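Values in this document were obtained by computation on a predicted structure and should not be read as measured data.
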Amino acid sequence: METKPRFRSFLAVLAAFALLLAVSPAPGSGTVMAQDAVISQDAVISQDAVISQDAGESSADDEGASEETTSDVPPIPLWVPTDPGIKLKYDQARLDLDAGRFDEAERGLKQIRTKARGTDGEDVVERCLREADGGQLCEKAAKLAEKKQHRKVLALWSKDSKKVEGTFTGEALRGMYETALKEVFHVLANFEKKNSKERDEKEEDEGEDPPRGGDARGRTEFGANTRLVSGKREEGEVRQGTGGLYWTTTNELGFLTVPVPDNVEVEDYRYLRISLRTEEPKAKPQLMVIFDCESGVFGGGGGQQGGGRGGRGGRGGAWQANAVRNRIGFHSQITPGVRWQDLRLDLRKFDDRGNARWENVLNLRIVHLGAGEATGVFIDEVILEKE
């Protein structure tokens with residue numbers, strides 16, 4: 001029977017699990033493998049959860065698949081019951097487990113659970129029960145994924161993953177969870193530093209501490225007067241993971257650019273998630289969020305902070321601000337405060353300027369028109385989310 005494409009990654013995980021069980025000392029060599037609430041709509045999506053979009057996909061029909069499978073999960077220990085009746089039931093339960101008959105395996109294991117207590121088989125039986133539980137969860141997740149109910153896969157993971165930690169089927173379930181994440185979310189930017197170890201070593205060699213706060217006076221791929229920062233969530237400069245972006249706004253036009261990849265269809269998504277806060281408690285910069293459909297120079301400045309010669313209140317600055325407001329695209333306005341805001345912006349509520357079309361979106365812009373007090377702005381995690 002031909003494998004359906006949607007199940008290839010799932011079956012590859014299960015095949016790897018089968019290989020791992022096969023090397024565990026047990027009466028029957030093994031295979032183990034394969035639901036419900038809706039994910040909280042205002043939950044913060046963590047950096048560890050939304051996985052890298054360029055991560056390699058596993059494929060069940062890869063002819064060059066590695067023969068050696070590595071895992072942090074320990075093998076199921078060997079247990080040979082001395083009671084013939086218990087041994088018969090345990091051996092059958094392991095065979096069912098290896099064959100992916102998780103309901104039958106669970107029933108058989110529960111029949112000997114009490115008798116195994118107090119013996120060296122107690123932990124083995126409990127481990128096998130958790131493997132069976134994880135396999136049942138994987139089967140539920142596979143059915144949900146087939147129906148494209150990816151949010152329910154995420155909810156299932158959130159609700160039940162802890163009870164199958166440290167099992168092979170738990171690892172299989174994680175793989176399905178990560179696949180569901182890719183179906184629901186697309187990370188446009190998470191601002192994690194590349195080669196951060198080398199950067200830290202260089203700063204250490206120079207005898208200087210990395211800058212924290214203050215005027216960025218630098219440039220990153222996202223725009224001028226920006227720099228990547230690193231730290232911990234409790235320190236306030238990052239929201240998720242270990243990296244974020246620090247942006248110094250001025251009293252002139254300034255903007256950040258987050259490219260939208262060609263293979264991302266923005267019209268397939270419903271929300272934009274973005275986390276940000278200001279550095280100064282009293283500062284309330286008025287920022288515009290624009291899904292930009294024009295390919296020309298933005299704001300008359302070619303992507304430079306300030307965008308032109310005009311300053312706050314000057315003729316040039318006013319012209320630039322009006323040019324931005326009339327830019328063909330989808331516009332929204334936000335006003336961050338000193339506390340982190342985890343915004344979830346409904347794309348349907350963005351203002352359409354110039355009869356824009358979502359399929360023509362080229363970049364996401366975050367714009368400061370120069371109004372309000374200049375301040376530093378911390379930004380983290382720019383993510384598209386499906387309905």
Side-chain angles (χ1 to χ4, degrees), residues 43-56 72 174 178 181-182 185-250 254-261 272-281 283 285 287 289 303-305 334 336-345 363-368 373-385:
V44 177
I45 306 301
S46 75
Q47 163 62 23
D48 292 335
V50 183
I51 54 182
S52 172
Q53 300 299 317
D54 58 1
D72 293 332
R174 176 183 288 277
E178 291 175 347
L181 277 175
K182 288 183 178 180
F185 302 101
H186 182 88
V187 180
L188 293 177
N190 57 24
F191 309 112
E192 295 296 312
K193 282 188 178 182
K194 297 177 181 178
N195 303 318
S196 58
K197 182 178 180 181
E198 288 82 352
R199 292 186 186 184
D200 292 343
E201 288 175 351
K202 181 179 179 182
E203 289 165 348
E204 184 176 338
D205 291 341
E206 294 173 351
E208 297 179 0
D209 292 331
R212 303 178 69 82
D215 194 346
R217 297 196 185 282
R219 184 177 183 86
T220 66
E221 60 189 288
F222 304 102
N225 284 3
T226 65
R227 62 177 171 81
L228 295 176
V229 296
S230 60
K232 299 178 180 178
R233 178 177 176 133
E234 55 268 23
E235 294 172 350
E237 294 189 2
V238 301
R239 187 58 169 165
Q240 299 294 334
T242 59
L245 186 73
Y246 180 78
W247 176 32
T248 300
T249 64
T250 69
F255 59 92
L256 306 177
T257 299
V258 179
V260 176
L272 173 69
R273 286 181 177 269
I274 181 171
S275 297
L276 74 173
R277 76 171 184 87
T278 61
E279 188 172 35
E280 299 297 328
L287 305 180
V289 178
Q304 297 292 329
Q305 177 87 7
I334 58 177
V338 72
R339 295 180 179 275
W340 277 105
Q341 296 179 3
D342 301 310
L343 302 178
R344 189 170 183 260
L345 306 177
N363 296 291
L364 175 67
R365 315 275 194 181
I366 302 173
V367 187
H368 182 246
E373 184 179 348
T375 184
V377 179
F378 292 99
I379 301 175
D380 202 354
E381 303 235 302
V382 183
I383 300 171
L384 290 171
E385 176 188 353

Do L276 and L287 pass the side-chain contact (heavy atoms from CB on, under 4.5 Å) test, and can you show the C-alpha distance, the side-chain angles, and the key distance before you say yes or no?
-> CA-CA 11 Å; L276 74 173; L287 305 180; 3.9 Å; yes
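- Distance CG/L256 to CG/N363: 12.0 Å, rounded to 0.5 Å.
- Of all heavy-atom pairs between I379 and W247, the closest is CD1-CE3, 4.1 Å.
- With values rounded to the nearest 0.5 angstrom, L181 atom CG is found 9.5 Å from I383 atom CD1.
- Atoms OG1 and CG, from T220 and N225 in turn, are 10.0 Å apart once rounded to the nearest 0.5 Å.
- Taking V258 as the reference, L188, A189, F222, L364 meet the side chain to side chain contact (heavy atoms under 4.5 Å, CB included) condition, with sequence neighbours excluded.
- A donor-acceptor pair under 3.5 Å is formed between the side chain of T278 and the backbone N or O of G337.
- Put simply, CD on E280 and CZ on R277 are 10.0 Å apart, with the number rounded to the nearest 0.5 Å.
- Note on ring orientation: taking the six-membered ring where Trp is involved, the planes of W340 and F378 are tilted (angle from 30° to 60°).
- With sequence neighbours left out, the side chain to side chain contact (heavy atoms under 4.5 Å, CB included) criterion links V238 to V229, D380.
- The shortest heavy-atom contact between P336 and P285 is CD-O, 3.3 Å.
- Distance check: R365 CZ to T257 OG1 gives 4.0 Å after rounding to the nearest 0.5 Å.
- Summarising the geometry, atom CG belonging to L343 is positioned 7.5 Å from atom OG belonging to S275; distances are rounded to the nearest 0.5 Å.
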Apply side-chain contact (heavy atoms from CB on, under 4.5 Å) to L228 and L245, showing your working.
-> CA-CA 5 Å; L228 295 176; L245 186 73; 3.9 Å; yes
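- We find that E381 and R239 are not joined by a salt bridge, their nearest charged nitrogen and carboxylate oxygen being 4.0 Å or further apart.
- Panel note: side chain E279, backbone T375; no donor-acceptor pair is recorded below 3.5 Å.
- Across all their heavy atoms, F185 and E385 have their closest contact at CE2-CG, 3.3 Å.
- Judged purely by atom type and a 3.5 angstrom limit, E192 uses its side chain to pair as donor or acceptor with the backbone of T242.
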